[in-house]
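This report concerns only the one structure given below.
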Amino acid sequence: MRPLQIVTSGFALAAMTLLIAGCASGPASPEPTSSAAPDGSGASSAPVVEDDIEAAWLDDGRMVGIVTLGSSTCIPIVDEIAGEGQTVRVSLVDAPAVEGSEPICTADLAPRATLAALPEGVDPTKDVELVVTLGDITDDVDLDGNPGLTGVPGETTTFEPSAGWFDDEGVVLLTWGSSTCPPIVESIDQQVTGATISFATQDGACTMDMAPRATVIGLRGDIDDDVPFALTLTGGGLDATVDVLAG
């Protein structure tokens with residue numbers, strides 16, 4: 001599940017709607033945002049492209065972060081999602097343009113995280129096969145079951161931050177807050193059993209909604225899978241300690 005090196009998330013991007021197909025009900029979700037751009041902190045390097053699509057457990061098993069490679073300013077959104085047993089089919093599409101404007105997509109190649117609420121009936125403690133389609137690409141992504149996950153797909157979130165591995169050195173971080181002011185990573189201080197992620201304090205007006213925001217975090221070095229790893233979030237109103245979920 002975890003074979004590539006990635007960039008650290010940073011710049012605020014446009015909010016995107018998480019659409020759940022009517023035939024596969026999931027929890028009602030606010031608009032998610034995702035950041036996937038270098039922040040200049042030197043905390044991570046440019047991605048090494050090996051696999052098209054990866055995924056990480058989030059929200060105690062109620063949600064997954066689907067990582068794709070492409071423009072850091074044009075993050076795909078969920079168009080349809082349907083579950084049959086432990087197989088979940090997810091269709092991703094380009095986010096619609098804001099009314100009266102055309103989308104501007106940078107020509108970089110960065111890992112971006114799309115948030116997807118899992119359908120009812122999926123058991124996150126058991127292996128899950130995600131069949132993800134994006135444009136002409138269809139990829140099978142296997143998520144190992146995690147017996148420590150106690151969330152039930154289809155139930156309401158607790159709105160707590162969470163994080164999951166999608167790669168040996170890559171983490172998707174889920175936070176909740178204003179959809180117009182997603183987190184901006186200032187620096188990463190990495191240790192053996194964790195990393196301190198410092199976020200910028202954002203000035204200006206932020207909407208007062210409570211939306212899920214996905215941030216892709218790039219780490220370095222050989223991280224021992226057998227050693228628990230936690231992120232300490234500081235600054236930007238995100239003070240918390242989050243264990244990184246295996247998958």
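If you read the sequence from its start, that first residue is 1, and numbering goes on from there.
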Rounded distance (nearest 0.5 Å) linking atom CD1 of Ile197 with atom OG of Ser187: 8.0 Å

Ala56 and Gly164 have their tightest heavy-atom pair at CB-O, 3.4 Å

Take Thr114 and Ile75, measure what side-chain contact (heavy atoms from CB on, under 4.5 Å) needs, and give me the verdict at the end. CA-CA 7 Å; Thr114 299; Ile75 317 300; 3.9 Å; yes

Is it true that Thr234 and Ser198 share a donor-acceptor pair across their side chains at a distance under 3.5 Å? no

Can you measure from SG (Cys181) to CE (Met208) and round to the nearest 0.5 angstrom? 10.5 Å

Verdict with reasoning, Val78 to Leu92, per side-chain contact (heavy atoms from CB on, under 4.5 Å): CA-CA 5 Å; Val78 174; Leu92 303 181; 3.9 Å; yes

Closest heavy-atom pair, Ala95 versus Ile77, reported as atoms and distance to 0.1 Å, is CB-CG2, 4.0 Å

As a quick check of understanding, evaluate side-chain contact (heavy atoms from CB on, under 4.5 Å) for Gln86 and Val122, giving each step before the final call. CA-CA 6 Å; Gln86 292 297 101; Val122 177; 4.1 Å; yes

What is the distance from atom CG of Asp94 to atom CG of Leu134, rounded to the nearest 0.5 Å? 7.0 Å

Set of residues satisfying side chain to side chain contact (heavy atoms under 4.5 Å, CB included) with respect to Val192, sequence neighbours excluded: none

Taking C-beta and beyond as the side chain, do Leu143 and Phe166 meet within less than 4.5 Å on heavy atoms? no

Mark yes or no for whether Asn146, through its side chain, and Thr125, through its backbone, hold a donor-acceptor pair below 3.5 Å. no

If you take all heavy atoms of Asp108 and Ser72, which pair is closest and at what distance? OD2-OG, 2.6 Å

Is a side-chain N or O of Arg112 found less than 3.5 angstrom from the main chain of Val67, in a donor-acceptor match? no

Heavy-atom distance under 4.5 Å between the side chains of Glu120 and Val152, does that happen here? no

Report the residues that fulfil side chain to side chain donor-acceptor pair (under 3.5 Å) with Thr133, sequence neighbours left out, ordered by chain and then residue number. Thr138

Heavy atoms, side chains only, cut-off 4.5 Å: are Val172 and Thr215 in contact? no

Heavy atoms of Pro119 and Gly83 approach each other most closely as CG-N, 3.7 Å

Pairs satisfying ring-ring contact (aromatic ring centres under 6.0 Å, His included), at least one member in residues 196-228, at least two apart: none

Student check: side-chain heavy atoms of Leu245 and Asp243 closer than 4.5 Å: no

Quick one: are Met63 and Leu115 in side-chain contact, heavy atoms under 4.5 Å? yes

Tell me if a side-chain donor or acceptor on Arg213 pairs with a main-chain N or O of Ser178 at a distance below 3.5 Å. yes

Beyond-backbone contact of Ile81 with Ser91, side-chain heavy atoms, under 4.5 angstrom: no

Begin with the C-alpha distance, continue with both residues' side-chain angles, and end with the deciding distance and a verdict on side-chain contact (heavy atoms from CB on, under 4.5 Å) for Asp139 and Glu54. CA-CA 9 Å; Asp139 198 4; Glu54 298 290 351; over 6 Å; no

With Asp140 via side chain to side chain contact (heavy atoms under 4.5 Å, CB included) - residues at least two apart: Glu129, Val131

Do Thr241 and Leu233 come close enough that some side-chain heavy atom pair is under 4.5 Å? no

For Ser71, is there any backbone N or O sitting under 3.5 Å from a side-chain donor or acceptor partner on Thr106? no

Closest non-hydrogen contact found for Ala214 with Ala113 is CB-CB, 3.7 Å

Name all residues meeting the side chain to side chain donor-acceptor pair (under 3.5 Å) criterion together with Asp60; count only those two or more places apart in sequence or in a different chain, and write none if there are none. Thr150

Quick test of your reading: applying ring-ring contact (aromatic ring centres under 6.0 Å, His included), list the pairs with at least one residue in residues 215-247, sequence neighbours left out, ordered by first then second residue. Trp165-Phe229

To the nearest 0.5 angstrom, please state how far the CD1 atom of Ile188 sits from the OG1 atom of Thr196. 10.0 Å

Should we count CG of Asp123 as having more than 12 external heavy atoms under 6.0 Å? yes

Between Asp59 and Leu174, is any pair of side-chain heavy atoms under 4.5 Å apart? yes

As an exercise, state the distance from OG1 of Thr73 to CD1 of Ile104, rounded to the nearest 0.5 Å. 8.0 Å

First locate atom CG of Leu118, then atom CZ of Arg62, and finally report the distance between them rounded to the nearest 0.5 Å. 11.0 Å

Heavy-atom closest contact (Val128 atom, Trp57 atom, distance): CG2-CH2, 3.7 Å

